[in-house]
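Some notes on the structure that comes next.
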Amino acid sequence: MTEELTVGRLVNTHGIRGEVKILSHTDFPEVRFAPGKKLLLIPADGSPKFEVTVESAKEHKGMYIAKLKGYTNINEVEKYKGSMLKVPSDDRVELPENEYYFHDIVGCEVYTEEDANQPLGTITEILQPGANDVWVVKPAKGQDILIPVINDVVLDVDIAAKRITVHIMEGLLP
């Protein structure tokens with residue numbers, strides 16, 4: 001069974017011709033909601049998931065208005081309000097070098113360049129305060145450590161080994 005990535009949530013209907021409003025949960029909505037794209041619809045009521053195909057979609061007020069193939073009226077799509085839209089994880093968009101998916105980074109062990117044998121801690125979340133992301137590292141004991149995701153600090157990221165090596169600049173550790 002392959003893992004699935006959430007790309008959006010069907011939040012409402014739009015008009016009477018079967019269009020739906022989608023709140024995007026992806027950095028690549030132009031790829032995910034492109035005509036002909038197949039998505040897994042996970043109904044909010046717990047009924048079995050099934051595949052739908054995007055016929056057309058357009059961005060509108062921070063959401064996407066999509067027409068799904070085979071659905072031509074509001075009564076056919078209204079029951080899917082609140083449903084999640086997903087894709088198989090092997091359908092992920094390839095990122096440029098030195099860019100990573102959040103779910104690949106969270107859970108990685110962080111090591112310092114000075115001590116490659118003793119982990120500093122594990123990344124538990126990623127903050128996005130502005131100019132750059134910040135990794136929240138949970139040590140074995142003590143308070144969380146905030147690591148800025150900048151070239152001077154992040155030296156090596158090995159997703160396969162779930163291991164990240166960082167340079168600790170003065171003032172980074174509590």
> What residues, two or more places apart in sequence or in another chain, satisfy side chain to side chain contact (heavy atoms under 4.5 Å, CB included) together with E125?
Replying inline: L127, V136

Between [X] and [Y], is any pair of side-chain heavy atoms under 4.5 Å apart?
X	Y	result
T72	K67	yes
K49	K86	no
L5	Y101	no
V87	T26	no

> Where do I168 and L120 land on the side chain to side chain contact (heavy atoms under 4.5 Å, CB included) test, with the steps shown first?
Replying inline: CA-CA 10 Å; I168 299 298; L120 193 59; 3.9 Å; yes

For a quick test of reading the model, state the closest non-hydrogen atom pair linking [X] to [Y] and the distance between them.
X	Y	value
P148	V154	O-CG2, 4.1 Å
I22	A66	CD1-CB, 3.7 Å
V137	I123	CG2-CG1, 4.1 Å
A116	R163	O-NH2, 2.5 Å

How many angstroms lie between [atom1] in [X] and [atom2] in [Y], if you round to the nearest 0.5 Å?
X	Y	atom1	atom2	result
E19	S56	CD	OG	6.0 Å
K138	Q143	NZ	CD	9.5 Å
H14	M63	NE2	CE	11.5 Å

> Taking only residues two or more places apart in sequence, or in another chain, which ones meet E59 in a side chain to side chain donor-acceptor pair (under 3.5 Å)?
Replying inline: none

> Taking only residues two or more places apart in sequence, or in another chain, which ones meet E109 in a side chain to side chain donor-acceptor pair (under 3.5 Å)?
Replying inline: T122

>> Please determine whether side chain to side chain contact (heavy atoms under 4.5 Å, CB included) holds for the pair V52 and Y71, giving the CA-CA distance in whole Å, both sets of side-chain angles, and the decisive distance to 0.1 Å.
In response: CA-CA 10 Å; V52 293; Y71 295 89; 4.3 Å; yes

>> So does P43 get a backbone contact from the side chain of K79, meaning a donor-acceptor N/O pair under 3.5 Å?
In response: no

> Counting only N and O atoms by type, is there a donor-acceptor contact under 3.5 Å from the side chain of T112 to the main-chain atoms of V166?
Replying inline: no

Report, one line per pair, each donor and acceptor closer than 3.5 Å where one atom sits in a side chain of residues 32-41; sequence neighbours left out.
unit_1 : atom_1 : unit_2 : atom_2 : d
R32    : NH1    : D91    : O      : 3.0
R32    : NH1    : D91    : OD2    : 3.3
R32    : NH2    : D91    : O      : 3.1
K37    : NZ     : D91    : OD1    : 3.4
K37    : NZ     : D91    : OD2    : 2.8
K38    : NZ     : T53    : OG1    : 3.4

>> For residues 96-108, which residue pairs pass the salt bridge (Lys or Arg N to Asp or Glu O under 4.0 Å) check, not counting sequence neighbours?
In response: R92-D104

>> Considering only residues two or more places apart or on different chains, which pairs with a residue in residues 145-161 satisfy side chain to side chain donor-acceptor pair (under 3.5 Å)?
In response: none

